[in-house]
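Written below as structure tokens is the structure these notes are about.
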Amino acid sequence: DENWLDQFIKSVDVMPKILKPIEGLVACMNGLSGDDAKWKLDSIMNFYVERVFEPWRLIGDMNSHYLAPTLQELEPWFRSTTASWLADGKELLDSVSKGEGVNLDLTWATGVVDKGWKSVADESTGLVAVKGMGALKCLKQQFGGDIFKA
């Protein structure tokens with residue numbers, strides 16, 4: 001039941017606290033180039049502004065400009081990553097089925113988590129290294145270390 005002026009004043013007070021933690025992310029995204037330049041914030045805003053009154057054009061262009069190229073670039077990474085994980089799973093199942101000792105301890109679990117993190121976050125071979133995934137790399141650089149440590 002508070003009036004709009006109180007809400008506006010609160011939002012002005014809170015906004016800097018919200019924006020401070022993402023300054024590095026914004027700077028990183030605004031520094032993207034090449035295939036990743038389309039993820040710059042001003043590029044995304046311009047893309048939507050140019051199409052705001054043409055929703056069918058917006059949907060079609062979003063598919064051709066953002067979605068289709070990204071999915072095309074992801075395919076080789078996805079194939080090699082899933083093949084690697086499936087090979088690990090097969091090796092584990094083979095060991096179990098042969099009655100070989102399998103030690104599913106903390107060391108094993110840590111290795112699985114580390115491999116999963118590397119498959120996403122390694123800047124030379126992981127998902128963030130895929131052409132067109134610069135925005136994800138920025139997210140990883142800004143917040144990834146803290147997430148992994150948690």
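Everything numeric in this text was worked out from a predicted model, so none of it was measured.
- Using a cutoff of 4.0 Å between basic side-chain nitrogens and carboxylate oxygens, D88 and K115 are scored as salt-bridged.
- In summary, the side chains of D122 and T125 do present a donor paired with an acceptor at a separation below 3.5 Å, with no hydrogens or angles considered.
- We find the CG-CG distance between L67 and L71 to be 6.5 Å, quoted to the nearest 0.5 Å.
- The two atoms that bring W39 and L32 nearest to each other are CB-CD1, 3.8 Å, heavy atoms only.
- Around the NZ atom of K131, the shell of radius 6.0 Å holds no more than 12 heavy atoms that belong to other residues, nucleotides or ligands.
- Put simply, W117 and V112 are part of two different groups of oily side chains (I, L, V, M, F, W, Y) that touch within less than 4.5 Å, one to the next.
- The backbone N or O of G132 lies less than 3.5 Å from no partner atom in the side chain of D35, so there is not a single donor-acceptor pair.
- Taking all atoms of both residues into account, the shortest heavy-atom contact from S119 to T81 is CB-CG2, 4.1 Å.
- L41 is listed as a side-chain neighbour of N30, based on a closest heavy-atom distance under 4.5 Å.
- Residues S95 and V102 approach most closely at CB-CG2, 3.7 Å, considering heavy atoms.
- Figure legend: R51 and F53 shown without cation-pi pairing, the cationic atom not lying both under 6.0 angstrom from the six-membered ring centre and within 45 degrees of its axis.
- In this structure the side chain of M62 reaches within 4.5 angstrom of the side chain of Y48, judged on heavy atoms.
- Under 4.0 Å is where a charged nitrogen must lie from a carboxylate oxygen, and between K118 and D114 no such pair does.
- Residues M133 and L74 form a side-chain contact, since some pair of their non-hydrogen atoms from C-beta on lies under 4.5 Å apart.
- To the nearest 0.5 Å, atoms CG (L136) and CE (M29) are separated by 10.0 Å.
- Contact annotation: the side chain of H65 approaches that of K38 to within less than 4.5 Å [non-hydrogen atoms, C-beta and beyond].
- Shown here is F143, whose CZ atom has more than 12 heavy atoms of other residues, nucleotides or ligands within 6.0 Å.
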| Candidate pair D94 and K90, rule salt bridge (charged side-chain N to carboxylate O under 4.0 Å, His left out), full reasoning | CA-CA 6 Å; D94 287 346; K90 184 181 180 316; 2.9 Å; yes

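- Taken to the nearest 0.5 Å, the NZ atom of K140 stands 11.5 Å off from the CG atom of L127.
- When side chains are defined from C-beta on, D61 does not count as touching Y66, because their heavy atoms never get closer than 4.5 Å.
- Using a 4.5 Å heavy-atom threshold, the side chains of C28 and Q142 count as separate.
- Checked by atom type, the side-chain pair S33/K40 shows no donor-acceptor distance below 3.5 Å.
- L92 and W108 make their closest contact through CD2-CZ2, 4.2 Å (heavy atoms, listed as atom of the first residue, atom of the second, distance).
- Tracing side-chain contacts under 4.5 Å through hydrophobic residues (I, L, V, M, F, W, Y), one reaches L104 starting from W85; they form part of the same cluster.
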